[in-house]
Participant: 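Just passing along the structure, written as structure tokens.
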Number of protein chains: 2
Amino acid sequence: MQHRSEETQAQIIKSAIKLFSAHGYTAASVDMICKDAGISKGAFYHHFESKQALFLALLDGWLTTIDKSVEASREMTVPETFLQITEAYPYIIKTASQGLPMFLEFWLQASRDKKIWQASITPYRRYHKYFTALIKKGVEEGSFVEVDPETASRLIVSTAMGLLLQSLLDPNGAKWEKVAKESSDMLVNGLLKK
Amino acid sequence: MQHRSEETQAQIIKSAIKLFSAHGYTAASVDMICKDAGISKGAFYHHFESKQALFLALLDGWLTTIDKSVEASREMTVPETFLQITEAYPYIIKTASQGLPMFLEFWLQASRDKKIWQASITPYRRYHKYFTALIKKGVEEGSFVEVDPETASRLIVSTAMGLLLQSLLDPNGAKWEKVAKESSDMLVNGLLKK
DNA sequence: AAAAACAAACCGACTGGTCGGTTTGTTTAC
DNA sequence: GTAAACAAACCGACCAGTCGGTTTGTTTTT
């Protein structure tokens, strides 16, 4: 009986991502999600306590994905890590363009909803801390120029987010993958010691 | 009767900004806006054709504000303009912290609604063009290092937006005014020829 | 091995309430 | 007096969430 249950839950999540992205958290109704997932409302409330609980589950899944990719880069040296991130940008842009409205939705909900805010802010601060430590290590190693790791971390994250936002607003306004690659090159070049 | 009418309209807009920011476009109802503005629904629909029309009016007003500040910097030299922007960051951060969810709301709605998208994308492209031309001029003048003006423009806008976003998510997580100042210093220093 | 007992998964009609928008009637200004 | 400005009652559609009942699969008993 477990297999069917898992499948249903996966289908709900899949439809939820699709519909929250397309219409927003408020506008995407539970009825819509159920219809899209091909299940009943009863099944929905069997798997999730509330609409918000589903949203939090989505957030959790998304964070797990990021955690995995961060974990994967744990073994590398500092410049290697940054090189990897730089090279991953086009891929991120490409894949994020679909999930991005969803990401923005998290952001917006977090700024309004205490529960969602707390679920968002902890991992955000954790990533920031990790990034800052990485840069600090790079500076201490001598592979980076002397910068304030705290600020540099915020700057890098800002760039990534800003580019994603722009690519969301105007997908055909520029070759975003190219812009992303060049932008991060500019940033990293300014950071790496020659 | 014109005076009272203008006052009512101004009150509707004021309440709309407040409530759209606080609850989002969908969640902020016309009833809520009317109640907050201290008017009736009849008065609302006398002044605005629809909820969306009000939203577009808000966008229009916001764009006019930006236009004015861009116009004000038309007279300056290129490095002067950038210096001004750099110094304006703390002010922007400070004032935007309340209006930012509204700004994000525009973004999100634009990614879903054709009408709002068209009202957003034209000025966005115009600003980008203006910014690119500014950097190009700076490069040609010799005051900037050799960069692709297109990319540099996107990068600068990205940084600004990313910082605003981060400050929205975690207002007390950092001294954002300081981070903004330092970040733009980093960027401009990398751009200006010494 | 078959029946009985059980529990998880699921269904869909229903509820109380809210939504954007309309209609109808009243007030206010000129 | 008449037209713009506003108020209030109202409409059908839709919302998140509930609930009594049904199906489906597993475990226990015989």
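We name chains A, B, ... by the order of the sequence lines, and we start the count at 1 in each one.
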Participant: Which atoms form the tightest heavy-atom contact between B:L108 and B:R112, and what is the distance?
Facilitator: CG-NH2, 3.1 Å

Participant: How long is the line joining OH of B:Y25 and C1' of C:dC19, in whole Å?
Facilitator: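 Taking OH of B:Y25 and C1' of C:dC19, I get 12 Å after rounding.
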
Participant: Base, sugar-phosphate, or nothing for A:A28, non-hydrogen atoms under 4.0 angstrom?
Facilitator: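 Here A:A28 touches the backbone only, sparing every base.
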
Participant: For A:Y25 and A:F20, take the angle between the two ring planes, folded into 0 to 90°, and tell me which bin it lands in: parallel under 30, tilted 30 to 60, perpendicular over 60.
Facilitator: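 Tilted: the ring planes of A:Y25 and A:F20 meet at 30° to 60°.
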
Participant: Can a side chain N or O of B:H46 be found less than 4.0 Å away from OP1 or OP2 on D:dC6?
Facilitator: no

Participant: Among D:dC6, D:dG17, C:dG12, which nucleotide has an atom closest to any side-chain atom of A:S50?
Facilitator: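 Comparing D:dC6, D:dG17, C:dG12 against the side chain of A:S50, the answer is D:dG17.
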
Participant: In this structure, how many angstroms lie between the P atom of C:dA8 and the OH atom of A:Y45, rounded?
Facilitator: 21 Å

Participant: Counting only side-chain nitrogens and oxygens, does A:K41 get under 4.0 Å of the OP1 or OP2 atom of C:dG12?
Facilitator: no

Participant: May I ask you to establish whether A:K129 and A:Y124 are in a cation-pi arrangement, using a distance under 6.0 Å from NZ or CZ to the six-membered ring centre and at most 45° from the ring axis?
Facilitator: no

Participant: For A:I39 and B:S29, find the nucleotide of DNA chain C closest to each by heavy atoms; which residue's nucleotide sits nearer the 5' end?
Facilitator: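 It is A:I39 whose nearest nucleotide is closer to the 5' end.
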
Participant: From NZ of B:K35 over to P of D:dA8, roughly how many Å is that when rounded to an integer?
Facilitator: 13 Å

Participant: So B:D67 and B:R126, salt bridge (Lys or Arg N to Asp or Glu O under 4.0 Å) or not? Walk me through it.
Facilitator: CA-CA 10 Å; B:D67 272 341; B:R126 189 155 41 86; 3.2 Å; yes

Participant: Any side-chain N or O of B:H47 less than 4.0 Å from the OP1 or OP2 oxygen of D:dC6?
Facilitator: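 Yes, B:H47 has a side-chain N/O under 4.0 Å of OP1/OP2 on D:dC6.
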
Participant: Can you tell me the distance, in whole Å, between the CD atom of B:E7 and the C1' atom of D:dC6?
Facilitator: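 Computing the B:E7:CD to D:dC6:C1' distance gives 14 Å.
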
Participant: Measure CD/B:E6 against C1'/D:dC6 and give the value in whole Å, please.
Facilitator: 16 Å

Participant: Return the nearest nucleotide to the side chain of A:D31; candidates are D:dC15, C:dT22, D:dC6.
Facilitator: D:dC15

Participant: Rounded off to whole Å, could you give me the NE2-to-C1' distance for the A:H23 and D:dC15 pair?
Facilitator: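 Distance, rounded to whole Å: 15 Å.
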
